[in-house]
Each structure stands twice: as C-alpha cells, then as structure tokens.
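Worksheet: one structure, shown below.
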Amino acid sequence: MEIKVFNSAAEASMFVADQILELVKQRPSANLGVATGRTMDAIYHKLVQRSQQENLKYNDVKCFAVDEYIGLAVDDPNSYESYLNLHLWNQLDFNKKNLFVPAVNQEDIDKAASEYEDQIKSCGGIDLQLLGVGLNGHIGLNEPGSSLDSRTRVVALTSSTRRSNKVLFRKGGVPLTAVTMGIGTILDSKYCLMVATGETKAEIIQKIVNGDINSKVPATAIKQHSNAILVLDKDSAKLI
Ligand code: GLP
C-alpha cells in the first residue's frame with residue numbers, strides 16, 4: 001500500500017478527483033466503486049466542477065455503491081442512493097440505469113446481495129474503488145470483526161458508527177442494519193483509493209498504518225491489495 005500525504009484536505013480531494021477524471025478519460029466505460037460520507041463531499045464537489053469544466057461525459061460509466069442502509073424509504077434523502085444522486089449523478093451526464101446500489105427493499109436481501117456480486121463480476125469488475133474510513137476502522141460498512149474475505153451481505157451497525165453518522169440525518173434515526181460490499185469484494189477491485197482527512201481520523205490511521213492486517217480493524221485489509229493508495233492530509237497523518 002502506497003501512502004500519500006497532502007498539505008490539506010482540499011489537495012487530497014483534488015488528487016482523488018483527478019484520479020477518477022483520468023480513468024474516465026482513458027476508459028469512458030469504467031466501473032467505479034463509490035463511497036459516501038463527509039470525506040467524499042469535497043472529492044465529489046471537485047469531481048463535478050472539473051467534469052463540467054472539461055465537459056466530461058459519464059454516460060457509459062457504471063457506478064457501484066459500496067453500501068446502503070436497510071429500512072429507509074426509496075426516496076429518503078438519507079439513503080446512500082440519494083446521496084450519490086445529489087452529490088454526483090444529478091449534476092453530470094450519467095445514465096441512471098448504470099447506478100447500482102445494494103438492493104435493500106427486496107424480500108430476499110441475501111439473494112439480492114449475491115446478485116450484486118454477480119452484477120459487479122459480469123461488468124468486468126471494479127476498475128477504481130473509492131473508500132472512506134470509519135472512526136472504528138470500518139470500510140463500506142464492514143464493521144470490526146468482519147471477515148477479510150467477506151462478500152456483499154447484510155450487516156449490523158455498531159453504536160459508534162450509528163452515532164457518528166447520526167449528524168448526517170436531518171430527521172429519523174440511523175438504521176440498525178445495512179448491506180455492504182464485503183472486504184473480499186473490495187479487495188477484488190483493480191485500483192483502490194482509501195481516503196481519510198482531518199484530525200479525528202489520526203488515531204485510526206495510525207492503527208491502520210502501523211498495525212498488522214486484522215479483522216478488528218477492517219481497513220487494514222487494504223494492505224493486502226496489490227494496487228492501493230492511502231490518501232491523507234497532514235491532520236489525519238499526524239500520528240504516523
Ligand atoms: C460511513 C460510510 C462509509 C464511510 C464512513 C466514513 O459509515 N458508510 O462508506 O467511509 O462512514 O465517513 P466520513 O467520511 O463521514 O467520516
């Protein structure tokens with residue numbers, strides 16, 4: 001795993017946005033695996049700005065969300081699907097039929113989760129997987145204890161994750177469960193960018209960088225990826 005430390009969150013976000021832009025320019029039918037959360041806000045803002053300036057089209061891009069909450073209404077503004085449409089796809093030339101989100105409203109969610117794996121595979125796999133890091137080291141919603149070869153499945157959220165994500169909910173509580181790509185699914189991606197910015201992430205980044213690969217800190221799994229970069233700003237990198 002390569003580590004890149006930028007002077008500011010803005011510079012780190014620009015680097016990540018550039019990586020996505022370059023990929024889509026080279027491969028207009030790229031498959032993107034995408035995350036949500038505060039860290040992604042700045043990245044997506046820059047990506048949209050640059051894409052609009054350069055008139056870059058995403059019509060042939062396929063987008064796979066890393067996770068989705070269970071129990072929210074389809075059009076709930078707190079769903080990750082709504083997040084992705086709001087921050088990215090409503091603002092770009094993108095074909096909404098190419099947005100794939102784990103199906104959480106089907107009767108058989110386990111079957112839908114395994115179909116999500118098939119959809120990723122049948123598209124040729126994820127070219128670029130973008131990830132944030134939870135304060136407890138989760139990636140997607142693979143909470144501590146998740147097996148390093150896990151696949152897309154239903155998971156229970158920890159109280160720390162629900163607390164941390166609560167501020168993003170204008171009304172209603174954070175669901176108790178979600179469907180997330182597994183760590184194994186994430187490790188299958190061809191290129192992976194894991195991003196953490198701000199001082200609140202310094203402690204977990206220290207554990208990821210200095211600790212062994214272990215399921216107690218799911219993000220350590222990225223060290224097993226053959227083509228991954230951990231993208232940090234000075235604040236998140238201050239303990240390494
Ligand atoms: C959420 C998301 C993750 C994200 C993490 C970090 O739980 N499901 O995909 O990486 O939180 O979020 P933030 O960037 O807001 O700290």
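When a ligand or atom number is given, it counts from 1 through the structure's own listing order.
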What are the distances between nitrogen or oxygen atoms of ligand 1 and protein nitrogen or oxygen atoms, counting only those under 3.5 Å?
residue	atom	partner	partner atom	Å
ligand 1	7 (O)	His138	NE2	3.0
ligand 1	7 (O)	Asn165	ND2	3.0
ligand 1	8 (N)	Asp67	OD2	2.8
ligand 1	8 (N)	Tyr80	OH	3.1
ligand 1	14 (O)	Arg38	N	3.3
ligand 1	14 (O)	Thr39	N	2.8
ligand 1	14 (O)	Thr39	OG1	2.4
ligand 1	15 (O)	Arg38	N	2.7
ligand 1	15 (O)	Arg38	NE	2.7
ligand 1	15 (O)	Arg38	NH2	3.3
ligand 1	16 (O)	Lys201	NZ	2.7

Are Thr185 and Glu117 close enough that a side-chain donor and a side-chain acceptor fall under 3.5 Å?
yes
Can a side-chain donor-acceptor contact be found between Asn90 and Lys96 if the only test is distance below 3.5 angstrom?
yes
Given side chains that start at C-beta, do those of Lys201 and Leu135 come closer than 4.5 Å, heavy atoms only?
yes
Checking Tyr191 against Gln19: is there a side-chain donor and acceptor pair closer than 3.5 Å?
yes
Once you round to the nearest 0.5 Å, how far does OH of Tyr58 lie from SG of Cys63?
10.5 Å
What about the rings of Tyr83 and Tyr69, do their centers lie closer together than 6.0 Å?
no
